[in-house]
Amino acid sequence: MASVLPLRLIRYDASTQRFSVVQPNAPGAPRVQSFDITSYTWGEKRKIPFKTKIDGVDWPMSLSKKKLRTIKKLMVQAGIEYLWADCVCINQSDDAEKAREVWDPQETVANLGFVGHVISQTSGDMITSEAKITQNVVDRLSEWANNAPWAFPLDKSTAKSAHIDLGVLNCYSTCVNQVKAVFENVYFRRVWTFQELLLGKNTTLWSVDKTTLLCAGELGVWMDLATDSRDKASKLYDWIDDSRHLKTTTQSMILSLIDLDNDELQSLQIVVQGINAARGDIINGGLSWWKKNPKGVSNVFSAISIIPRSAFWKPDTFNGLLDGARDMTTTDLNALSFAIFKQLSIETGQAWTKLAIGNGEERDWGWIPLGTKYELLPPSQERTDGIEERDEEDFVDDAEEEKLEREEDKSDDQFTTTDCFSGVVNLGVVKQNTSLAKVCATTGLIGSPRTYMKISLNQVPSTGDANQRPDFNFYFRGCNVGKKIVVGTNLVGIPKKELTPDNWKQVVEVSGDETGGYLVQCATLLGNIFDPDTDLRRFRKTLLDKLQPYWSHTGPSARPRNWIDRCVSGTEWEDPSYEYLRHHNMSMHYRLRHITHYGSRLENPSTRNISCRVEVNCGCIIEAPFSFIFEGLTAVYGSPLGTISATQDSAKRIIIRDGLGLVNPGAGQSNNVLRLVAFGGNIYAHKWHASQCRSKKETKPLSRPEKPWPTGRALVRDEFSHSAADGMLRDYGYAETGPDLRQAQQGGDDEGLDVQERMARRSCGNLLICRSNRIAPYRIIGVCVDGEIVSKKGREAVKIR
């Protein structure tokens, strides 16, 4: 459900093709999962207001009839069911109503303080009238419980049965929803506002329409509220939890919902702290602070990309960032990205680049990724700051308007947001007066890179709505499907065989309440493909914790706390074991329509319409959304990207480790096919395991392979090749990255940490490097999936071209 709902929304019912204005907070109103917002230029107001025929509008309208028709046209063409437009949803003749639609952050501060006061003075099972609190507090709680709009995301009558004060719950949720709504606003998703956040002082937000200017409070106060809200969420959880030895189902539901708030507010808190850390670095370091503060530079890249931010004019994504990359004459983001990293590296002496799968091409500055598309602008073309507002009569006809919309959609096929700064890493230093990077790397890898898996990235049909994601389709076809497998023995001991059923053509439509259990099944099967020799429960928990899927359901019981284990409790998927889970014999096609959004940064407008097809050399095939597959790759045991998405140093700078920079889909590559290679282990282990699944009946445990599963894994491009002749001359290695790297290389305190924690502490990802002979410089050819690969040389200083 939307984190906060306005007083009114425009609704378009596609089945009846009728428009209405509804009050989503009213009793019995339809449940609104999400709504769109349009900020519209009013134009000249009508001298004579008119009465619209839209149901729910009982006041005269003053905006242009053409404007109203345009809003309707937008909703129909974009498939929008609910839309908020101030010129329609607010009675512009009612000053009190207009004021209610703008929040005062100081009031939110006071209300959160009120929640904190109540829970510090009472217990979680208090009876308000009997508690030792003042009459003023009792009256305020009564007002929140009985008169204020209900904001807690659980039906009021259901929440009442939990014997938890409704006033506390409603006041808390109202404040938290307001804070989340502010940060979800389009204002916070623009590049230029990020520059204001870093450089501005005493910034104040205003809500503006044609006739009214209302103060929405100081930006700094709203940023502090992200931390204050999380503090109250944690305290409220403990207040309810500590006062009860046993909990009812409803009480557990409420705790689960507060826990979800805490997760979202934690992400907001990290963003705010990263921005504040950057402000501190800028203030303390002066105009050229970025030339001498590599940790600060890394934080700026992390802070601007952790929430994708867009710009109408593509170069604005780069112009002014760290005072570099100015006056560019291209709108191609790959060329712009290359230019800024090159300039930044020259001026700082540090080798700044992206965690990306290189193609090993022989060129200067080859360690900086470069796409293949260029869109050079004629020198005479002047810059335009944004999209010019045009009234409907400015267009010659509908055909021209549709053409402009298609061109705009086409321009968004590439990374048009600050996702282009995902996975920014510092390799080492730039060798003076050259284009070479001097890097500390592990070289002399034992073995050769052998392919055993292929990953293809494919565009899926767009929904037509930029804000709507395609359905989550999961397709799996085991390599034994359609083959005979042993199912038992006959009376004389001869094995009895049957054909395995092929179910992949039978689409299972998954309901909202079933979504959690099916997601766990999908994650378990992916674990069998990517990391079969590890704890599958650990793998799927790591994957789903980082993916952070949210879906619509009939009640919180369908997404309880610890849902990853609870949703499959009591089923065959509860504790999957290597010995009995025969995924090679399975096939299925699930469609999960009820997923609303993900917390993972790997799911964003740039990757939303991309599906991945994974083909294993045994014949197994998986197809699933990009974010699901690549969160799975980073969740394998021993990956430096596997445990956490973002960490912070002692100054609260952000260090992103989620792997979004691994690939750049739609960035101009003509071949979006990757291969998974392994330096060690048996690359035919999947085939051996498939034969075991065919030859042993389900009641008998499978044997462990005599040779280990593939190890020392890395992702390379499809055009990469390695022959027997290459093995005589080539030398492979990997360069670790990350702001903590030098401390780790100098013998940091790694004792007592397991492989996962040690990798997460050391690195933001390792780049696979190669040189063709002993005197040639190394080149970047891929990204390592495993954090450590066995070598015979160890660490040494190398040059990368």
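- Considering only heavy atoms from C-beta on, I254 comes within 4.5 Å of L169 through its side chain.
- Between S229 and V176, the shortest heavy-atom distance links the atoms CB-CG2, 4.2 Å.
- In plain terms, the two heavy atoms of A233 and I258 that are nearest each other are O-CG2, 3.4 Å.
- Side-chain contact between F472 and F628 is present, with heavy atoms from C-beta onward closer than 4.5 Å.
- With a 4.5 Å cut-off on side-chain heavy atoms, W150 and L166 count as touching.
- Panel note: side chain W144, backbone N146; no donor-acceptor pair is recorded below 3.5 Å.
- Taking the side chain to side chain contact (heavy atoms under 4.5 Å, CB included) definition, one finds that C612 meets it with I455, L457, F626, I629, F630, sequence neighbours left out.
- G517 approaches C567 most closely through the heavy-atom pair N-CB, 3.6 Å.
- Once rounded to the nearest 0.5 Å, the distance linking CG of L543 with OG of S627 reads 9.0 Å.
- Note that the OH atom of Y598 and the CD atom of E631 stand 11.0 Å from one another [nearest 0.5 Å].
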Would K156 and T158 satisfy side chain to side chain contact (heavy atoms under 4.5 Å, CB included), going step by step from the backbone distance to the final call? CA-CA 5 Å; K156 190 173 182 179; T158 304; over 6 Å; no

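- The structure places CG of L68 at 14.0 Å from NZ of K73, a figure rounded to the nearest 0.5 Å.
- Side-chain contact check for T515 versus H553: every heavy-atom pair is 4.5 Å or farther apart.
- By the 6.0 Å and 45° rule, K72 stacks over the aromatic ring of F19.
- D261 and K180 are joined by a salt bridge, as a carboxylate oxygen and a charged side-chain nitrogen come within less than 4.0 angstrom of each other.
- A centroid separation of less than 6.0 Å is found between the aromatic rings of W551 and W563.
- Here the side chains of L268 and T227 are not in contact, with every heavy-atom distance at 4.5 Å or above.
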Step by step, work out the side chain to side chain contact (heavy atoms under 4.5 Å, CB included) result for L83 and L9. CA-CA 6 Å; L83 179 76; L9 288 170; over 6 Å; no

Take I622 and F474 through the side chain to side chain contact (heavy atoms under 4.5 Å, CB included) test and state the conclusion after the steps. CA-CA 7 Å; I622 282 184; F474 180 86; 4.1 Å; yes

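- E514 contributes a side-chain N or O that, together with a main-chain N or O of S511, makes up a donor-acceptor pair within less than 3.5 Å.
- Heavy-atom minimum distance, N473 versus P625: O-CD, 3.6 Å.
- A cation-pi contact links R559 to Y550, judged by a cut-off of 6.0 Å to the six-membered ring centre and 45° from its axis.
- Residues R8 and V22 are not in side-chain contact: their nearest non-hydrogen atoms beyond the backbone lie 4.5 Å or more apart.
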Give the intermediate values and the outcome of side chain to side chain contact (heavy atoms under 4.5 Å, CB included) for residues N262 and R230. CA-CA 6 Å; N262 192 43; R230 189 187 174 208; 3.2 Å; yes

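- From K232, atom NZ reaches atom SG of C171 across 11.0 Å, with rounding to the nearest 0.5 Å.
- Applying the 6.0 Å contact sphere to NZ of K160 captures no more than 12 heavy atoms from other residues, nucleotides or ligands.
- The shortest non-hydrogen separation linking L602 to T607 is O-OG1, 2.7 Å.
- Note: L592 CG to D471 CG = 9.0 Å, rounded to the nearest 0.5 Å.
- The aromatic ring centroids of Y12 and Y82 lie 6.0 Å or more from each other.
- In terms of heavy-atom proximity, N177 sits nearest to A151 at ND2-O, 3.4 Å.
- Side chains of N458 and S611: no donor on one and acceptor on the other come within 3.5 Å.
- Here the NZ-NE2 distance, from K505 to H589, works out to 13.0 Å after rounding to the nearest 0.5 Å.
- Looking at S600 and Q548, their side chains never come closer than 4.5 Å, going by heavy atoms from C-beta outward.
- Within the 4.5 Å cutoff, no side-chain heavy atoms of V508 are placed close to those of M588.
- Listed by first then second residue, pairs satisfying salt bridge (charged side-chain N to carboxylate O under 4.0 Å, His left out) with a partner in residues 13-29 read R18-D55, not counting sequence neighbours.
- Every residue two or more places apart in sequence or in another chain was checked for a side chain to side chain donor-acceptor pair (under 3.5 Å) with Q23, and none qualifies.
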